[in-house]
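Take a look at the structure set out below.
The figures here come from the full heavy-atom set of this structure, side chains too, leaving out hydrogens, waters and symmetry mates.
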Amino acid sequence: MYKYQSLRKCISNNDNELIIYGADRFSQFPRRDASVNSKCDRALPVARRDDVVVLRGKLDSEYHKWLRSHGLGSDHIVEYSAHSREMSLSELIVNDPEPVKRYIRQSGKKPVYVPWFSGHMETEAAKVLEADLFGATETATLKYNDKSVFKTVCKQLDIDVVEGSSFEMNPEDNENCTDMKNIINGYLSTCETVIIRGTLGEADMSLYKTKGNDISEIYHEIAVSGERSVIIEPFLNVSSSPNDQWVISRDGNINSLGMRDQICERGMVHIGTLKGKDASPEISNYIAKTSAKIVTNMAEFGYRGVVGVDYIVSDDGIFPVENNARFNGSSYVSMIVDNIEKLISPIPYWKFIKIKTAACSFIELTERIGPLIYDGKKLNSVFPFSCDTLPLSGDFAVILLAENMDEIFKMEGLLKEMCVKRV
């Protein structure tokens, strides 16, 4: 059995190290359109008092003040105030490392750079800061993060995967669309619906379902997106979508963070995560054993950092479908919950959901959901985070902290009455 240790302790359990959070998602996506937000501020409630949080844009001072009033977060914030999407956070640091280095000098500690996703520029940023990288080489990250390559790895480890085909997009070839249609129609002869997934996409990016009547339109959308490779698979009847999170520390030790249940819209788009409701022993034992094989292989290859393996439990079996070889959305949630538990009490259930309201400031949001909002005392409450797009679009995220599922259902109902609903 692999031991459990909190994610924060897996990053560093050394008081002489300075943790520098760079939660920017841009490093994962060469194409940065309106569907990809940086989300650097997710690290604000994760950070401890003496950690450093680096932001691409500007700090929401009201949200930060609210966090600090409840004993959460850090006062060591670096703001790059970048408006352009041309550079990722790591590129901004490489171009101008001095604002971060200033905190490093002040602390007198050994820095550890903790990015969302490990690419080439994350390695460069760590070098510029003379910091250890809590992450992997770009080669190791892409090997496991690519959905098609990950399926190949699973087959090599004798792990059953969903039947499917990899397909290379080549819009310049007039026959390419026809080739895709032929593959899809081949699966539709034995199943009702086919799913098409971009090999590097996340959430609802490059993710489609078809019954065969709209293949040309889907092909065009994928071509315009710039996605070069997709996976085509039968769409199975899925009863649940567990996510199993692990951490490989910088010294190669493997730690299990446990399973949580993903909430998926239309059977495929991740919109939230639930922790506390346990899967059956049969399911959890199979997933734990399978993940251990995968994560051991990753550690031996040299991967370091967070691992989130997504599974589907279907009528046809239990299959790993994706390896999030990076911080997962719920990785930050689990760290926030850990911080809150240290301040108040154990939290038996939590639910993370992406949510939306009318665009407003954080202060206006606290007034809108006033009776429910986390106050540092009551357990059954709503903790808002990832609020950087709240003033522009009303999009943000919440963690429902609860003693049982009934309280979670109750809070969701009350949020709807306050015009705060799921995305």
Side-chain angles (χ1 to χ4, degrees), residues 39 41-42 44-46 60 62-73 203 240-243 245 258-266 269-279 328-391 393-423:
K39 295 194 176 180
D41 73 325
R42 284 190 291 189
L44 288 170
V46 163
D60 183 334
E62 294 299 337
Y63 179 64
H64 185 241
K65 191 186 301 180
W66 177 78
L67 286 175
R68 299 300 291 125
S69 72
H70 295 306
L72 297 166
S240 64
S241 304
N243 169 266
Q245 287 202 21
M259 279 194 298
R260 57 283 318 259
D261 197 30
Q262 296 189 110
I263 304 158
C264 294
E265 195 174 60
R266 304 192 308 278
V269 180
H270 175 248
I271 59 169
T273 306
L274 175 66
K275 185 74 165 66
K277 189 177 177 182
D278 294 331
N328 296 220
S330 63
S331 306
Y332 295 107
V333 176
S334 64
M335 295 178 80
I336 294 168
V337 172
D338 285 343
N339 289 344
I340 292 172
E341 286 185 326
K342 288 185 178 70
L343 295 170
I344 54 170
S345 65
I347 298 167
Y349 285 77
W350 57 256
K351 187 174 185 178
F352 151 55
I353 49 176
K354 300 169 187 176
I355 210 158
K356 188 177 182 70
T357 187
C360 64
S361 68
F362 180 73
I363 290 294
E364 290 170 323
L365 177 69
T366 62
E367 294 168 354
R368 195 168 297 171
I369 64 172
L372 296 178
I373 198 164
Y374 175 78
D375 64 359
K377 298 173 185 175
K378 62 177 182 278
L379 171 55
N380 300 305
S381 57
V382 176
F383 188 97
F385 77 114
S386 201
C387 298
D388 56 344
T389 55
L390 180 62
S393 62
D395 295 318
F396 65 113
V398 294
I399 311 169
L400 307 178
L401 308 168
E403 57 189 303
N404 55 49
M405 281 302 298
D406 286 342
E407 291 293 339
I408 284 180
F409 293 142
K410 191 187 299 181
M411 284 187 284
E412 285 188 291
L414 290 170
L415 283 172
K416 286 180 184 177
E417 290 176 12
M418 297 167 179
C419 297
V420 180
K421 305 175 184 178
R422 282 188 193 171
V423 173

Please report the closest heavy-atom contact between I263 and L274, naming both atoms and the distance. CD1-N, 4.4 Å

Heavy atoms only: give me the nearest A359-P391 pair and the separation to one decimal. CB-O, 3.5 Å

Contact summary for S361 and E364, nearest pair of heavy atoms: N-OE1, 2.8 Å

dist D60:CG -> H64:NE2 (nearest 0.5 Å) comes out at 10.5 Å

Within the 4.5 Å heavy-atom criterion, are S386 and D41 side-chain neighbours or not? yes

Could you list the donor-acceptor pairs under 3.5 angstrom formed between side-chain atoms of residues 338-350 and any protein atom two or more places apart in sequence or on another chain?
from	atom 1	to	atom 2	distance (Å)
N339	ND2	P45	O	3.1
N339	ND2	V46	O	2.9
E341	OE2	I347	N	2.7

Are the side chains of L390 and T357 in touch, meaning some heavy atoms are under 4.5 Å apart? yes

Nearest non-hydrogen partners of M259 and P242, listed with the distance: SD-CB, 4.3 Å

Just how far is it from atom CZ of R42 to atom OG of S331, taken to the nearest 0.5 Å? 8.5 Å

Go through it in stages, so that I can follow the logic: the residues are L44 and L67, the test is side chain to side chain contact (heavy atoms under 4.5 Å, CB included), and I'd like the CA-CA distance, side-chain angles, deciding distance and then a yes or no. CA-CA 8 Å; L44 288 170; L67 286 175; 3.8 Å; yes

Shortest non-hydrogen pair, Q245 vs S330, comes out as NE2-OG, 2.8 Å

Trace of the side chain to side chain contact (heavy atoms under 4.5 Å, CB included) decision for V333 with F385: CA-CA 9 Å; V333 176; F385 77 114; 3.6 Å; yes

Test of understanding: with salt bridge (charged side-chain N to carboxylate O under 4.0 Å, His left out), list the residues that count as partners of R368, not counting sequence neighbours. none

Does any N or O in the side chain of S241 come within less than 3.5 Å of the main-chain N or O of Q262, such that one atom is a donor and the other an acceptor? no

Any side-chain heavy atom of F396 sitting closer than 4.5 Å to one from V420? yes

Compare all side-chain heavy atoms of N380 with those of E403 and state whether any distance is below 4.5 angstrom. yes

What I'd like to find out is whether the side chain of R260 reaches to under 4.5 Å of the side chain of S334, using heavy atoms alone. yes

For K378, the salt bridge (charged side-chain N to carboxylate O under 4.0 Å, His left out) test, sequence neighbours excluded, returns D375

Which residues pass the salt bridge (charged side-chain N to carboxylate O under 4.0 Å, His left out) test with D278, sequence neighbours left out? none

F383: which residues meet the ring-ring contact (aromatic ring centres under 6.0 Å, His included) condition with it, sequence neighbours left out? W66, Y374

Out of I373, I355, L400, which one pairs with V382 under the side-chain contact (heavy atoms from CB on, under 4.5 Å) rule? L400

Is the closest side-chain heavy-atom distance between I336 and I399 below 4.5 Å? yes

Results of salt bridge (charged side-chain N to carboxylate O under 4.0 Å, His left out) for E412 - residues two or more places apart only: K351, R422

Can you tell me how far OH of Y63 sits from CZ of R68, rounded to the nearest 0.5 angstrom? 12.5 Å

To check you understand the geometry: which heavy-atom pair defines the closest contact between M411 and A402, and what is its length? CE-CB, 4.0 Å

Is there side-chain contact between M418 and L372, with heavy atoms separated by less than 4.5 Å? yes

Here the gap from K421 atom NZ to I353 atom CD1, rounded to the nearest 0.5 Å, amounts to 13.0 Å

